[in-house]
Amino acid sequence: MKTTKDIHPPIEKIFPEAEDFLPINGTDYIEFYVGNATQAAHYYKTAFGFQSVAYSGLETGNHDTQSYVLQQGKIRFVLTSPLNKESEIGRRIDEKGDAVKVIALWVDDAEKSFYETVKRGAEPYMPPRVEKDEFGEVVRSGIHTYGDTIHIFVERRNYEGPFLPGFKAWETDFKPTEIGFKYIDHIVGNVGWNEMNKWVDFYANTMGFAQLVSFDDKDISTDYTALMSKVMSNGNGRIKFPINEPAEGKKKSQVEEYLDFYNGAGVQHLAIATDNIIETVTELQARGVEFLKVPSTYYDDVLNRVGKIDEELAAIKKLGILVDRDEEGYLLQIFTKPLEPRPTLFFEIIQRKGAVSFGKGNFKALFEAIEREQELRGTL
Ligand code: FE2
């Protein structure tokens with residue numbers, strides 16, 4: 001006979017402090033508010049190999065917004081633009097540029113997720129509501145997190161449609177080859193001065209997450225820039241949210257630069273997992289995606305630092321991929337340049353070979369690369 005403990009045993013073992021009042025199956029979708037969803041969809045398809053899934057707009061009876069849904073592996077992006085002037089979405093784009101608005105989480109019970117988190121102090125964004133069409137029904141609810149970013153809880157076990165009620169399947173012959181994106185490894189939020197612990201407490205107390213690792217400003221600083229970071233994870237480890245705040249340095253922190261251009265706290269980067277970073281990054285670079293480059297001297301002693309790796313050093317060096325090791329194994333990672341005019345959102349591509357950390361050993365080399373970019377922007 002199964003007991004409750006049999007059904008949910010790992011959580012107490014892996015994260016003794018994590019509570020299971022908010023079981024999450026994974027990320028459901030990431031919604032970006034963008035100035036031109038038509039062109040953004042084409043960019044994410046062409047450059048990153050996403051596939052067309054669903055559409056909402058004038059042709060489907062939606063007179064307020066146009067949204068394209070794209071997918072690759074388990075990653076689903078929604079790109080939304082306003083159709084009319086003086087909209088809430090339009091004002092948000094004016095304030096923040098193209099950016100992440102919604103981190104949607106896939107749950108079995110969206111109503112319970114809402115009440116359990118609101119009971120623990122979450123600010124409601126959208127009370128639970130049932131959305132229906134010919135494919136079944138979806139229950140969604142939402143709460144606020146840092147800045148004006150939203151978590152939407154999505155319960156879709158009784159739904160067979162392409163995305164959500166109101167969306168139609170997006171049929172197209174243009175299907176660029178995928179580049180090996182598998183799932184979202186982690187999503188990083190930048191928050192204001194002295195606000196990291198407030199949001200760490202939010203994820204711990206309101207959402208039942210536990211802290212994975214912490215860095216302090218000595219770990220993550222160069223001569224100029226500095227930041228502090230803590231990583232929050234849900235019970236099954238499928239959702240990992242590092243939270244950064246700026247720290248004092250000789251010059252402006254990259255987190256502060258983000259906050260200035262974003263006018264507040266928000267998503268700084270999405271880290272996307274691949275099983276073969278060399279193939280993925282080779283293809284991305286061939287399609288014109290630009291990455292931060294570390295100086296070639298980084299590779300002179302990298303193997304002394306991280307030990308033996310399976311990949312050819314020459315290939316790693318040619319592509320500018322970074323390597324780090326922890327007690328569990330190693331990881332390979334690389335960071336794109338910002339994906340829009342403002343120095344705000346970027347992607348990380350990551351391949352884990354056992355490592356469970358986030359590349360702390362690369363932060364110094366990486367931040368020096370970011371500072372060279374800041375120097376060019378005149379914001380250092
Ligand atoms: Fe990251």
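When a ligand or atom number is given, it counts from 1 through the structure's own listing order. Being a predicted model, the structure only gives us computed values, none of them experimental.
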Checking distances from the Fe ion (ligand 1), one finds that the N, O or S atom of H186 closest to it is NE2
Atom CD of residue position E312 - does it have more than 12 heavy atoms of other residues, nucleotides or ligands inside 6.0 Å? no
Of all N, O or S atoms in E348, the one closest to the Fe ion (ligand 1) is OE1
> Checking R377 against F261: charged group under 6.0 Å from the ring centre and within 45 degrees of the axis?
Replying inline: no
### Message
Using a strict threshold of under 4.0 Å (side-chain N to carboxylate O), is an ion pair present between R156 and D28?
### Response
yes
Per ring pair (Phe, Tyr, Trp, His ring centres under 6.0 Å), F241 is matched among W199, Y203, F358 by Y203
The atom name of the N, O or S atom in H269 nearest to the Fe ion (ligand 1) is NE2
